[in-house]
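Below is one structure, written out as C-alpha cells; the observations come after it.
Just so it is clear: chains get the letters A, B, ... in the order the sequence lines come, proteins before strands, and each one is counted from 1.
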Number of protein chains: 2
Amino acid sequence: MTTNPEFVRSAEVAEPLASWNEGAVRRRILEFVARVTDEAGGAFVPPAGRVAIFDNDGTLWCEKPAYTQAYFVIDRLRRIGEGSPALRDQPPYKAARENDLAYFGALEVPELLELVLHAHAGMTPEEFCEDVRTFLGSAVHPRFKVPFTRLTYQPMVELLDYLRAHGFRVFIMTGGGVEFVRAVSEELYGVSPECVAGSAVSYEVQERAGRPVLVREAVLQGPIGEGPAKLLNIQAHIGRRPLLAAGNSTGDTEMLAFAQDGARPYLSLVVHHDDAEREYAYEGAAASFATTRSLTAIAHERGWTVVSMKDDFKTVFGAAVE
Amino acid sequence: MTTNPEFVRSAEVAEPLASWNEGAVRRRILEFVARVTDEAGGAFVPPAGRVAIFDNDGTLWCEKPAYTQAYFVIDRLRRIGEGSPALRDQPPYKAARENDLAYFGALEVPELLELVLHAHAGMTPEEFCEDVRTFLGSAVHPRFKVPFTRLTYQPMVELLDYLRAHGFRVFIMTGGGVEFVRAVSEELYGVSPECVAGSAVSYEVQERAGRPVLVREAVLQGPIGEGPAKLLNIQAHIGRRPLLAAGNSTGDTEMLAFAQDGARPYLSLVVHHDDAEREYAYEGAAASFATTRSLTAIAHERGWTVVSMKDDFKTVFGAAVE
C-alpha cells in the first residue's frame, strides 16, 4: 500500500479501456462503473453486489470458424482413431484424421454432443485438464495462424481487469464445457476455476489405490449451459443476480435480461461481430437454439448496449495478430 | 476467497491460531502451512493449488441439539401454520407452533426432507436469503441463550483467517442447504457466497414483469451434499482437489480422503466433539448415512488429524458465550 500521491495519481490517470475507441459504448461503460462505485451517489452498489458475468465463446475469444473446443474434440478423436485399428476408419475418426470439418458441421447437435461426451469419458479431472493444456499449447487457428489462446479479445480482457480494479467479481458462464474453460481461465482472463460455470458432465466416484477419484462419464449433468440454463448456473455457482452481463449469442438472452432487476442500474453488453476484416461478421446464434430473431435486434428493443467490434474495438486481438 | 481486509489484518498482526492450545495439533497445522508455502522446500504448492474445504455444521459452528437450519424450517412452518386455518392444526404445523422438537426428531429423513423442501418452495433466492437473515437476526440457541450466529467455533474461524493469510482459498462444502449457508457465510466466515456449495434445490425460471426470475421448487437438485456427493460438489464448484479438508461427521469421510492425492502433502482435520461442558460430546454421524464406524476411528486408522475440542480449543465460542 502506497501513500505517495504521485503514484496514486499516475495510476488513476492511466487511461482505462485503452483498446476501446472513444465513443458512446466506452463512455457508457465508464459512466456505469463510476455510478455504481460512487458511495455518495444514489446508485451505489457495495462490492458484494458487484457481480459481472461473461459468456466465453464469441464474447471473450474467437469462436469462428468453429468453437475452439470443437477442434480440441476432433484432435482427441484423431488420436483415439490412430490408437485403434477397429475405430480408425469409422466415419468420425476418419473425418478427424482427414481434418474434414464439413463432416462434423453436417451433424445434428445430439450427434455432436455424443461424440464430445465420449471423447473424454473415463478421464479424471486432472487428466482432462492436462489434455486441454497440451492441445492449446500447440494447436493453431486455421485463419490467424496463431495459438487459439492468443485469440482473446483484448478490449474485453481489459474490461475484466477494469471491473476487478473497481471491486467487481468476474465470472464466466460458458455454454461450452466448464472444465475446458477452467483449464485456461486463470491464464487467459485472470478468472480462477471456481468462478467458471458451464455445461458439465457427470462424474462417477471410484476408488483407486484406496483413495477416491472422480471419473468423467459420457453423460451431461443437467442441460447444456445455454439460455435459461445459464440462469440456473448463475444461481448454483454465484447465488446472486449479476449487475453486469456480456454475451454475443441468442443463448445469452436470458442471462443478459437477468442483470436487470428493475430496482438498480445494470449493464447488459452484446458483442456484435461486424468486422469481417479483423475477425468475422455474423449474428451469434447458439447452436442448440432455434430462434428467428437476432440478439442485436433484441438488444435494440430492450435498450441493451451493443458493442460494435468494428467501431468500438481499437484492436481486436492486440499485438497477437498483425 | 475474501478481500475483506479485516480478516487479513487480524491474522497478520496477532499470534496465529491464538485460540488453539499449544500441542501436537496446533503444531501440525502450523508446520503443514509452513511446508506448502515454502518456495524453497520440496513440498511447495503454488497459491492456485492451495484449496481448503470445510464442512459447516459441527465443523465451523454448533450443530446441537439440532441443526440451526432445522430451527429455521420449524420457525417457517410455525408461520405458515399461523397464516392458514386449514394447516394450523395438522401435525407438523402444530408441532412447530408448540416447539415440539421430539415430533421432528422422530421423523425419518425423507419425511423431514419433504417438510424442508416445501417450507420455502415458491420463493426467489432473494426472498429466501431475506428469510434466513431475519430468522438468524433474532433466534436464540436453546442452551447458550445467544443468537446462533455467535456459535461459530472461534479456533476454526481463526484457522480460516490463517489459511487465507497464507494464500489459501477457503470453501465451505455443507451437507445443509447451500443458500442457507450463503446468506451468512461472508458475515460469519469471510467466505463469499460463490465459495459455498451444498445441498441444492431445483429452480424454475419464470417471467415476472417481463423479466426472468428464479423460483425455488420443492425438489432437490441432485443428492444431499453428504458423503460421495461432497466430491461431486467439489468438482462442480471448485474443479480441483483440496489440499486441506476439515469435517466432523461420517458424511465427511470421502471429502477428508479426497485431500490425499498420494503425491503431495495434505491435511485432513477431524473435529472431535468431546467437550460436554463447553459444547457437546458426541460422534458426528450424518443423519442420512447408516454407518457402524465412527469418524474418529477412521481418522486414527488413516492418520488424519483429530482435533479435540476439549484439549485443543483454548476457547470454543470466544467471548460470545461465557
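Looking at B/Thr174, B/Asp252, B/Thr253 one by one, the single match for side-chain hydrogen bond (donor to acceptor under 3.5 Å, both in side chains) with B/Lys230 turns out to be B/Asp252. A side-chain contact (heavy atoms from CB on, under 4.5 Å) with A/Met173 holds for exactly one of A/Asn56, A/Val178, A/Ile238, A/Val181; it is A/Ile238.
When heavy atoms are compared at a cutoff of 4.5 Å, B/Arg240 approaches chain A solely by way of its side chain, counted from C-beta outward. Proximity to chain A is limited to the side chain of B/Glu179, based on heavy atoms less than 4.5 angstrom apart. Heavy atoms closer than 4.5 Å to chain B are found in the side chain of A/Glu186, but not in its backbone. Interface residue B/Ala257: backbone and side-chain heavy atoms are both found under 4.5 Å from chain A. Of the atoms belonging to B/Glu126, it is side-chain heavy atoms, and not backbone ones, that fall under 4.5 Å from chain A.
Ring centers of B/His166 and B/Phe32: at least 6.0 Å apart, outside the cut-off.
For the set B/Gly239, B/Pro193, B/Pro125, B/Ala197, the entry with the most heavy-atom pairs within less than 4.5 Å of chain A is B/Pro193. Of the listed residues A/Pro47, A/Ala236, A/Pro212, the one with more heavy-atom pairs under 4.5 angstrom with chain B than any other is A/Pro212.
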Q | ring pair (Phe, Tyr, Trp, His ring centres under 6.0 Å) assessment of A/Phe135 paired with A/Phe180 | A | CA-CA 11 Å; A/Phe135 172 77; A/Phe180 182 76; 7.4 Å; no

Q. Can you list the steps and then say if B/Glu301 with B/Arg293 is a salt bridge (charged side-chain N to carboxylate O under 4.0 Å, His left out)?
A. CA-CA 11 Å; B/Glu301 181 184 290; B/Arg293 305 194 56 209; 2.9 Å; yes

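Between B/Leu231 and A/Leu214, the shortest heavy-atom distance links the atoms O-CD1, 3.7 Å.
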